[in-house]
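Counting starts at 1 for both ligands and their atoms, following the listed order. For the numbers below, each heavy atom of this structure counts, side chains included, while hydrogens, waters and symmetry mates do not.
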Amino acid sequence: MIIIKSEREIDIMRKAGEITAIVLEKLEDMISPGIMTLELDRIAEETIKKHGGIPSFKGYKSVTGAPDYPASICTSVNDEVVHGIPGLRVLKDGDIISIDVGVYYNGYHADAARTFPVGSISGNAARLINVTRESFYKGIEFAVEGYRVSDISAAIQQCVESHGYSVIRDYVGHGIGKDMHEAPQVPNYRTKVRGPRLERGMTLAVEPMVNEGSYHVKVLDNKWTVVTKDGKLSAHYENTILVTENKPLILTALG
Ligand code: MF3
Ligand code: CO
């Protein structure tokens, strides 16, 4: 069942989304060669708490037998697709880093991710980041009452593949609200089933995960970190959005 949010719930989710955006902005400013991913996590957690939120990810219980998620953000570098765990890794010039942040505020979650360059990056890496962002915007052109989830999925896939990249199959976007993961699933690729019809008041985390090479991935021994099988780069772009009768509203934006 897809939960339709009331005006009151949407107002709270806007605030959760605003905190998420503040964290991403702050981390973007900090990212440069020499910084450790654990330092990014510390600042993220401090910033979330300072604004009255709670990190959604910290302590998250996996359904796949992994230990509870140990950090407030995910930091996925280069060939890491998602769920990279902050630690002692030091970023170096030319890396790309995907940062995923979830904020729980007043009973509701917001979830957003960006891939940032570290210092000066290759043209290939920059193109991958740009296409991933662009595919999100192509997708949400269909996040409008009356279309279907599958219209969002198809538009994302079309954009990504037209640039010679591939979309991850093993992880998908999702509804979001009182729970970080609610119905419906929002794949970034066409599926056999026509997805549910969209209605105003639905809140979705739309999150293309895009690989430079093939879409095949594997999970590292820490049971969290997802990496590309071919070792090529991967990028991520996610916002929590509200479906309306015309243009979707991006909730994980600065108020
Ligand atoms: N944004 C991701 C998701 O939608 C991140 C989850 S990390 C976790 O699943 F630790 F919370 F699982
Ligand atoms: Co998400």
For a quick test of your reading: what N or O donor-acceptor pairs under 3.5 Å do the side chains of residues 71-81 make, sequence neighbours left out?
unit_1	atom_1	unit_2	atom_2	d
S72	OG	E45	OE1	3.0
S76	OG	H83	N	3.4
S76	OG	G84	N	3.0
N78	OD1	I96	N	2.9
N78	ND2	D95	OD1	3.0
E80	OE1	V77	N	2.9
E80	OE2	R89	NH1	3.3

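- In Y147, the OH atom is not crowded: 12 or fewer heavy atoms of neighbouring residues, nucleotides or ligands sit closer than 6.0 Å.
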Give one line per pair: atom of ligand 1, protein atom, distance. Only N/O to N/O under 3.5 Å.
unit_1	atom_1	unit_2	atom_2	d
ligand 1	1 (N)	D100	OD1	3.2
ligand 1	1 (N)	D100	OD2	2.8
ligand 1	1 (N)	D111	OD1	3.0
ligand 1	1 (N)	D111	OD2	3.0
ligand 1	4 (O)	D111	OD2	3.2
ligand 1	4 (O)	H174	NE2	2.8
ligand 1	4 (O)	H181	NE2	3.1
ligand 1	4 (O)	E207	OE2	3.3
ligand 1	9 (O)	H181	NE2	2.8

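- More than 12 heavy atoms of other shown residues, nucleotides or ligands fall within 6.0 angstrom of atom NZ in K5.
- Interatomic distance, CZ of R114 versus CG of D100, reported as 10.0 Å (0.5 Å rounding).
- Closest approach between the Co ion (ligand 2) and any N/O/S atom of E238 involves OE2.
- With 2.8 Å as the limit, H174 counts as an N, O or S neighbour of the Co ion (ligand 2).
- With the Co ion (ligand 2) at the apex, E207 OE2 and D111 OD2 define an angle of roughly 170° (rounded to 10 degrees).
- We find that R14 and E18 are not joined by a salt bridge, their nearest charged nitrogen and carboxylate oxygen being 4.0 Å or further apart.
- Y189 carries R169 over the face of its six-membered ring, with the cationic atom under 6.0 Å from the centre and within 45° of the normal.
- For an aromatic pair to be called close, the ring centres must be under 6.0 Å apart, and Y60 with H181 satisfies this.
- Residue side and main chain included, D100 places no N/O/S atom under 2.8 Å of the Co ion (ligand 2).
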